[in-house]
2 protein chains.
Amino acid sequence: MTHSEENYLKAIFHLGRQGTSAISTNAIAEQMDTKPSSVTDMVKKLSEKGLVHYKRYQGVSLTAAGRASALAIVRKHRLWEVFLVEKLNFSWDEVHEVAEQLEHIKSEKLIDQLDRLLEFPKYDPHGDPIPGKNGEFQERDKQLLSKLPLRAVGVCVGVKDSSADFLKFLDKNNIALGNEIEVLDREAFDNSLHIRVGDHQLRVSHQIASNLFVKPNEH
Amino acid sequence: MTHSEENYLKAIFHLGRQGTSAISTNAIAEQMDTKPSSVTDMVKKLSEKGLVHYKRYQGVSLTAAGRASALAIVRKHRLWEVFLVEKLNFSWDEVHEVAEQLEHIKSEKLIDQLDRLLEFPKYDPHGDPIPGKNGEFQERDKQLLSKLPLRAVGVCVGVKDSSADFLKFLDKNNIALGNEIEVLDREAFDNSLHIRVGDHQLRVSHQIASNLFVKPNEH
DNA sequence: ACAAATTTTTAGTTTTGTCTAAATATAATT
DNA sequence: AATTATATTTAGACAAAACTAAAAATTTGT
Ligand SMILES: [Mn+2]
Ligand SMILES: [Mn+2]
Ligand SMILES: [Mn+2]
Ligand SMILES: [Mn+2]
């Protein structure tokens, strides 16, 4: 499988996890920053290889084989991200670009041993779950901060947008995975929040709050 | 720079370290397991980019820029090989194939941090020197075992042929880097040697002996 | 239901890296 | 020096992955 084929499978997989319906050519093109006509070409090839279901004009979805391949790539991507943060002193906003390259390295032993070296991590630096060797993975019980009721308390466990810009914003404001977050107040006008993170307080826009995942505390 | 361009530069660099003359199209083709016509095409492109000196029918050599690029790739290749052996439990006959992939990953921080994680190794698992960040590297003082005089003692410091077959042969016969080797006898007929490796003895063919590097003991 | 807008596909090009077959230059041999 | 052999380059083709522009199918709006 080529790098390009792998990237398409991964894109289709990620789009499939958002909305559950069939995935459109345009959506894939946008995700991959390419043209719809290129997508059509590639989707045909993936279909020939039995990796996606495809009927023209009807969108695509992954076959079992395609899903397995996509999960393998996601597993590699996230393990490498952990490696970069834990062993090579990368910050969480720097890892994605390099992991995009490393995810294509082909060696089963490499990835199994990397998993061992990292002591079998369950989540990547952005809080996303790392699929196991056989593709199994459990999404964490989490909620967008913006959906939390007033006075609710939770632990920050992930980001929805993992762009460098957003991650650097979080760093600058001392918000990190594992922090306790409490919703102190919600501004009705723009849905911005007044929150407590650990022992400091700040105001965050709705856009910020709707890109932060928290695991609500049991009560 | 593409993977293919990088592979050509590396091949030219390695050929240049054997014989010092201009490197022939055919030699590159053989080294890269491709056709001479493909080499000509690529060499033209590398020449356009100022990475090799090239006049048709006269062979190629690296420019300063080309040499620097080649050294950067060799550095990455060998650091990754150390990583695979030291951190991921690979044996020295398994690392090359994976390093061929990893050497193309682009990230300066990645390779600097990898260097640090490995505690700035000077040599790779096959005894080959690892170029520094600025391309500087010192070839070790070493000699082929086959060239050693009778009764001479040395330390095994490298292999010339690092094919999996040869490396597995060495493993099987308990010959490893760092072992002390003494030449006990030389058979005039076929130049095979009777040697001592640490505390065991064995006979090795001339072909074996001429692919093992030793650092002769001062006397 | 029909026209307009949007989405998707097709057709034809481009770039990169490879190949085969043929032509040309260099090297070796008589 | 001429012939033969070898090495190298050119010419033309191909596959992969992208693109643009145009055609076709689908969806939307009235
Ligand atoms: Mn990522
Ligand atoms: Mn991630
Ligand atoms: Mn190697
Ligand atoms: Mn090596």
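This one's a predicted model, so the numbers in the text were calculated from it and none came from an experiment. Residue numbers begin at 1 in each chain, while the letters A, B, ... track the order of the sequences.
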Integer-rounded Å distance: dT16(C) P and E48(B) CD: 11 Å
Side-chain N or O of K44(B) closer than 4.0 Å to phosphate OP1/OP2 of dT10(D): yes
Length of the line joining K55(A):NZ and dA25(D):P, which is rounded to integer Å: 17 Å
Within-4.5 Å side-chain heavy-atom neighbours: F13(B) and L9(B): no
Nearest-Å distance for atom pair CG/P, residues D41(B) and dA11(D): 11 Å
Those residues of residues 98-107 of chain A lying under 4.0 Å from DNA chain D by at least one heavy atom: none
Distance test, side-chain N/O of N26(A) to OP1/OP2 of dT8(C), below 4.0 Å: yes
dT8(D) phosphate, OP1 or OP2, under 4.0 Å from Y54(B) side-chain N/O: no
N/O (side chain, S24(A)) to phosphate O (OP1/OP2, dT7(C)) under 4.0 Å: no
Side chain proximity check, T34(A) to M42(A), heavy atoms < 4.5 angstrom: no
Separation of H104(B) NE2 from H77(B) NE2 (nearest 0.5 Å): 9.5 Å
Donor-acceptor under 3.5 Å (R186(A) side chain, L148(A) main chain): yes
Phosphate OP1/OP2 of dT8(D) contacted by T40(B) side-chain N/O (<4.0 Å): no
Short side-chain N/O contact to dT10(D) OP1/OP2 from Y57(B), under 4.0 Å: no
Test side-chain hydrogen bond (donor to acceptor under 3.5 Å, both in side chains) applied to S91(A) - qualifying residues, sequence neighbours left out: D93(A), E94(A)
Protein-nucleotide distance (I28(A), atom CD1; dA18(D), atom C1'), rounded to Å: 16 Å
Closest nucleotide among dA18(D), dT9(D), dC19(C) to the T34(B) side chain: dC19(C)
Closest listed nucleotide, where the reference is the side chain of Q58(B) and the choices are dT9(C), dC19(C), dT26(C): dT26(C)
Polar side chain donor-acceptor pair, D161(B) to S163(B), under 3.5 angstrom: yes
Phosphate OP1/OP2 of dA18(D) contacted by S4(A) side-chain N/O (<4.0 Å): yes
Interatomic spacing from CH2 in W80(A) to CG in L110(B) - rounded to 0.5 Å: 8.0 Å
Atom pair distance, as rounded to whole Å: CE in M32(A) and P in dA18(D): 7 Å
Nucleotide nearest Y8(A) when distance is taken to its side chain, options dT18(C), dA18(D), dT16(C): dA18(D)
Ring pair (Phe, Tyr, Trp, His ring centres under 6.0 Å) partners of residues 108-144 of chain A, not counting sequence neighbours, each pair once: none
For atom CE of M42(A) and atom P of dA15(D), their distance in whole Å: 16 Å
Spacing of K35(B) atom NZ relative to dA7(D) atom P, expressed in whole Å: 14 Å
Euclidean distance, atom NE2 of residue H3(A) to atom C1' of dT16(C) [Å, nearest integer]: 15 Å
Side-chain N or O of S37(B) closer than 4.0 Å to phosphate OP1/OP2 of dT18(C): no
